[in-house]
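Report on the structure given below.
Bear in mind the structure is a predicted one, so any value in this text is a computation, not a measurement. Chain A is the first sequence line, chain B the second, and so forth, proteins listed ahead of strands; every chain is numbered from 1.
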Amino acid sequence: MSTPKHTIDPAELTRFVSDKLLGGRAIAADEELLLSGLVDSLGVMSLVAHIEDVTGAPVPMQDVILENFATINAIADYVGARA
Amino acid sequence: MTAASPIPMTPSQKLIWMGQSLAGAAPLYNMAWRFDLHLALDTAAFAQAFTHVFETHDALGVAFEGQGADAVQRATELPPFPPALDFSDEADPEKAASNWVKTRAARPIDLAKSTFDTCLIKLSEAHWVWFFNQHHIATDAWSGGLMFKAVAQSYHALTSGAPLPNARPPQFADYAGADHPVAEATQEYWRTKTAGFESSAVPYGEVRDLSVPASHRITIPFGKGRTDALKALALSPPFRSISPDLSVFALLMTAYAGFLSRVTRQSHLSIGTPSHNRATPALKDTMGLFIEMFPLGFEIKPEDTFEDLFSATMAETMGFLRHAKPGVSNAATASSFNAVLNYIPVSYGTFAGAKTQTQWLHPGAHDARQDIRLHVYDFDATGAFTVEMDCNAAVFDAGLRDRMPGHFLKMIDALLAGPGQVIAHVPMVEMSGDEAHAALQVGPAVAPEYPVVLDAFAAHVARTPDAIACECNGETLSYRAIDARAARFAADLIAKGVISGDPVLIHAKRSLNLVAAILGVLKAGGVFVPVPSDAPPSRVETITKIASPKVVLTEADLARSDIGAATAALKPIAPDQPAYAIFTSGSTGEPKGVLVDHQNLGEYIRWAAQTFGPQGPKSFPLYSSIGFDLTLTSIFVPLTTGGRVVIYPEAAHGSDLSILNVFEDDRVDVVKLTPAHLSLLCEHGVRTKRIRTLVLGGENLTTAQCLRARSTISPELEILNEYGPTEAVVGSMVHRFDPTQDKAASVPIGRPADNTGIHILDAGLNPVPIGVTGEIYISGRLAKGYLNRPELTAAKFKQDPRAPGGLIYRTGDLARTTADGTVHYQGRADTQLKINGVRIEPAEIEAAFTALPDVSWAYATAYKRTRPQTRTDEAACSRCGISSRYPDTTIGTDGICGICRDFDSYKTRAEVYFKTPQDLSQIVSNLPARKTGTYDAIVLLSGGKDSTYALYRFADLTRNILALTLDNGFISEEAKANIRRVTDDLGIDHRFMTTPAMNDIFKESLTKHSNVCQGCFKTIYTLALDTARAEGIPAIVTGLSRGQFFETRLTPDLFANRAPSAQELDQFVQDARKSYHRMDDAVSRHLGVTFDDAIFEDIEIIDIYRYVDVSVSEIYRVLDARGAWARPSDTGRSTNCLINDVGIHVHKTREGFHNYALPYSWDVRMGHKTRQDAVEELDDEIDTSRVHDILAQIGFDQTLLTEATQTQLVVYVSGTDLDPVALRAQVASGLLPAMIPAHIIVLDTVPLTQNGKIDTDALPKPDSHRTAALTSHIAPSGAVERQLVEIYQSILGADAIGVTDNFYDIGGDSIAAIQIAIHSTDQGLAMAPNAVFEHQTIRELAASLSSVQEPQTTKPNEPLIDLDASDLAAIAQQLSGTR
């Protein structure tokens, strides 16, 4: 097991969202993803799985809330804030 | 078209393919659309646009070929686009079109040709309908939207001169052909979800019919207001989530689960919902079937609010989304629910800019396992949800389909208005509507002529003073005489200081003076407290303590000749003054006195007189316990109407069966009795001329009982079913039995009595919807409360929320109403049984039995098997070595266990089952003609000595054999080597079979059976049957040992009181085999293999050891001689399986005994193992750390590794010529597996309490070893038989000895015979010891004793029977131990 990471690169995350979830559409780091309907619930679950892959640490379901996943920046903050 | 190479079918497609194959032509999976296009349509351009879309999307252009699992989909030619229909000339074009599309939507689609059906319909130049119906196997709601948009876009291009879109859209084959690896954690998540699934109770108490896939779609008037409110709520805390659609979904799910929990009365629910499963933009643009169905689980606790349930729903939904991966759904996930929610947040857009409406048409069918499917969508983006429910036609009739939307909307509105509300308390019916009237019924308000019964009685004293009021054993009292005698009792009581409201306890037998004394107490203004003459002293003491009576009238007081010389001035009785207190049993065991005033007593008696004897004065018998309120009816109804009380006193001793005398005498008109009494009467075959009216009360009354009573007692019998607790003054409702109308298993309890309200309420005290079970509350005519128990009174008599100041009494009884307003009793609120975790309503089981023609009475209850205790005096059977720790084992005084004793009694009768090696040769010689493949037979080869020897024997007859071994992952290497050597030695084909589901099978087997073997057995049988079916092999050969035959098949119940033929035994084994393979378990679910019963007609199961009897030494001799087989040394015992220890350890821990205890005892009984070997092998050391490693490896929940308390369902029945084996087979088809009783006990006589209710304490306990769960038990009648039964039971250490049981069959021997004789003589039943041998049943023995005029005495030193020295020594020892 590798040690869990507590950071995620916003640029990498942006690429993932753009390529895998939005079919190549450009996305800004502070652009609203959820309430806009850009990313749906299953998309969020793909994001969760991606974050787990990259950081090596599980994302508890109770953390999957609007505040933590609203924008790329919010996600990066959330990952950084996990101790 | 390009060459048609097969497109792989996705798991979802395979499920639908299977579902459609099973449903025949039923249009379960038609997804039909009606698009109303408001434009002048260019039909040629439309056809061209459609063709273009068809040719560019592979999901549209496929057809399916092949059968079952081998079917494939292939691209196919486009059929020509059909010419448009023109309905514009019709009188009502819209109506014509809607009829056409409705019919057409239900037309089956022939998947061999294409997946869809389409057409254009012209309603007017500017209004066209496009009908498009596609089989779900190739589409889903999202795909429908893509298809619509693609056709619209191409049409627009064609009609506006723009080029057709020519980019290649993503194709379904790209998805279907891609690999979708599923993580183990995800599979495990769904396995856990589906493992505990049990079919839900059906909504509204209806019945599911799995053969009827028909359904009706209804539209719920949801509206824009609710849509807006729901969307707003979804955005507000605490409902806000990562997406508004997710919150809307979870809110809908919350209301839906709440609604379903209310109408099914289930606290645990599973609801299916689709995952759209289009995770990437490319998939979102791909047409085809992507959705997969998954179950969401809910637990709704009584105190849960919508907010509580929402938060659980959200957590469950997140888990669902997390694990809803492509390709993960399977037959288990797709069938683990009986209700569906489809929330489809998709909009279809407009057609070429024209106004468009989209309708999803219902094909009139859906999966019959699903009771209800809720759809919520807004395809046209109107801002208002379309909310529809598909209602299973077997469950929802037209009336229910009308009522249900209201109930659902009540839940939605409650959620929107106050999410903090407790779900269980939400009112579900309109207070102004018919449903409220059904659940809140009020009897007519009637003012009685005489509010006080004494006044009504006095009127008859005045009118007909010389008419006979009472008679008893030929002695009579006129109205004048009994009135005078009552007055003297009253004067006597007043002289003793009794004033108004003082309790007077009457503890006496039924007599003329008893009736006079009761009237006397009332005249004195006192409160009579009747206590039956046979009440035990402790109970009399308790009642006296609670009631603190001013005076106690005993038998002696009533018999005094000097009463009433004096007279006294009597005060008038006020209607609200208490009249009597009847003590009933409390749930805590402490009796409670129900106190009733004169007004309410008078009102009940007036109503009862009018209802039970409208044609004038009647005679009633006074035959029942005076402590039971049915007696009040029999005393006061005749005395207040000028009728007569015919008194039947208690017998001098013994049980009170006066009811039989009443019917034999046939001197009364109306008899009030219990259903148990009625069964007793029918068993005795009484016939009556005068008794025409029976009033039944006290217990559930079945239609079968009524029909039997009418055929036995009198065809003109009028039967009234009266319902009412003592707290509501005897009777609150009545139903007149009508054989032409009453067809349900139980007779309804009818309509409320005068001045009485019946309320069927939910937990929030709201009326329940029609069909839904609620608790009965009663208002109006009620008791004053409990004597000297104000706190209990306040707890049971509550404020009526709908009538300020009024009280309602909570009965604890359950009922539901039907659409005609009739109330049906549904059992007690607190009798729900839980059998191994499954909730069971005993009433339901009882109904299944009483619905059978010969069963007149049934009683279901739970039986907790005695836990084997760690005892220092643990004994082992001197013959087979089985330990007394084995459940329900009794080791007799001779040291022999019950199983051995039983076996002695039937083993000769069992011999017919066994056949000869010649019979086997005969069967094998017929196999080649029956095979359609290579092999004559499959031989199951576990690798142990028995199956290896079996293989050798079978190979002597044919070598066209396929040997199969289940590789469960734990087979020892040496065992595998054995198997390879043996099959090589014989030169036969062999396969190791396995399944990835093995861990689940182990887990379920450990959870359900506390062993692993059950799971392996079922798996190898299933795999073998599947292989035999696929390869045309006509037989499967097993190495089941003779011990296993007796352990599992030739059980004692088959031989109880009869000698079945080989043919009957065959039939029984075959039926057992069929039901074994019908059982739904991990094996059937995970292997995805199902069999019709018919497979056992094609494939014969041959148990070698049925034909071949061979000793163990002979087996070893043959195996040693062949030299290919060696005893494995790596498993530690005579097994070849390394997981075996896990089963043993789990079994010992949870059940308290070794799971090989019984099998080994059979090996010993068969002479295949010595007693010593068996005992030693059972005393094995288990490496527990290894066991825990394996349990962790297979993922067994080790918290289950605690003692299991085994609760079994027992059903007692009585009726005509009942055979438990046949009964079980008859009910099995209609009951869930968990509801099939472990024990069926036939009673000749139902034991009754003094109040005429079933005496549950006196019911025989099931004794599983003696009868393998099926017992015929004849209870004693008469004091002598009862006494003998007690003596036999104490000496033989057995429960439930019947009076016709043979002394030897129940474990009798010479020592026991002497002890019985000694004890009997001590207790006044003198007998010679040989009497027990001469009269081998208790009944015969009792008869012989009563025919002996003088007590027999025996000379002390005379030898009675031949005993040898060791017998005598044993007797001496026994006697010193017991005396």
Side-chain angles (χ1 to χ4, degrees), chain A residues 1 4 8 13-27 30-79 81-82, chain B residues 142 167 169-170 181-183 185-186 189 231 234-250 253 273-286 290-292 294 311-326 328 343-347 381:
Chain A
M1 261 321 253
I8 194 159
L13 202 53
T14 306
R15 270 198 305 282
F16 176 82
V17 173
S18 171
D19 293 351
K20 302 285 185 196
L21 303 181
L22 302 180
R25 175 194 184 282
I27 178 92
D30 58 354
E31 193 171 341
E32 223 294 326
L33 299 174
L34 304 181
L35 294 180
S36 60
L38 221 46
V39 175
D40 70 5
S41 314
L42 279 182
V44 175
M45 293 304 153
S46 306
L47 257 171
V48 166
H50 178 69
I51 294 165
E52 290 181 345
D53 283 350
V54 171
T55 64
V59 175
M61 277 300 118
Q62 62 268 26
D63 288 359
V64 185
I65 54 174
L66 200 54
E67 286 68 17
N68 294 342
F69 284 80
T71 61
I72 303 278
N73 286 341
I75 298 170
D77 289 349
Y78 158 71
V79 173
R82 286 198 299 163
Chain B
W142 184 287
V182 180
T186 288
Y189 179 87
K231 287 178 175 172
L235 295 176
S236 68
F239 305 107
R240 201 176 67 152
S241 70
I242 51 169
S243 95
D245 279 333
L246 180 63
S247 293
V248 168
F249 167 81
M253 190 59 113
T273 203
S275 159
H276 71 61
N277 198 18
R278 286 176 159 91
T280 66
L283 294 181
K284 286 188 168 66
D285 286 338
T286 311
F290 282 77
I291 64 149
E292 298 192 23
F294 293 98
S311 107
T313 301
M314 190 50 94
E316 181 73 6
T317 305
M318 295 299 259
F320 149 68
L321 292 172
R322 189 77 206 268
H323 297 288
K325 300 289 187 201
V328 72
Y343 173 53
I344 316 171
V346 173
S347 68

Inset, instruction - Give a yes or no on this: more than 12 heavy atoms of other residues, nucleotides or ligands lie within 6.0 Å of atom NZ of B/K231. - result: yes

Legend entry - Structural part of A/N68 lying under 4.5 Å from a heavy atom of chain B: neither

Inset, instruction - Find the distance between OG (B/S241) and CD1 (A/I65) and round it off to the nearest 0.5 Å. - result: 10.5 Å

Legend entry - Spacing of CG belonging to B/L321 relative to CE belonging to A/M61, to within rounding of 0.5 Å: 8.5 Å

Inset, instruction - Could you tell me whether the side chain of B/S275 reaches within less than 4.5 Å of the side chain of A/L42, counting heavy atoms only? - result: yes

Inset, instruction - Drop me the distance from A/L22's CG to B/K284's NZ, to the nearest 0.5 angstrom. - result: 9.0 Å

Inset, instruction - Indicate yes or no: at least one non-hydrogen side-chain atom of B/I242 is less than 4.5 angstrom from one of A/V64. - result: yes

Legend entry - Residue pair B/P281 / A/K20: nearest heavy atoms and the distance that separates them: CD-O, 3.3 Å

Legend entry - Straight-line distance of B/R240 CZ to A/L35 CG, nearest 0.5 Å: 7.0 Å

Inset, instruction - Determine the option with the most heavy-atom pairs under 4.5 angstrom with chain B, choosing from A/S41, A/G23, A/S46. - result: A/S41

Inset, instruction - Only counting residues at least two apart or in another chain, list the ones meeting side-chain hydrogen bond (donor to acceptor under 3.5 Å, both in side chains) with A/D19. - result: none

Legend entry - A/Q62, part contacting chain B, at a heavy-atom distance under 4.5 Å: neither

Inset, instruction - Answer with side chain, backbone, both or neither: which region of B/D285 has an atom nearer than 4.5 Å to a non-hydrogen atom of chain A? - result: neither

Legend entry - Heavy-atom pair count under 4.5 Å with chain B, highest-scoring of A/L21, A/V39, A/L33: A/L21

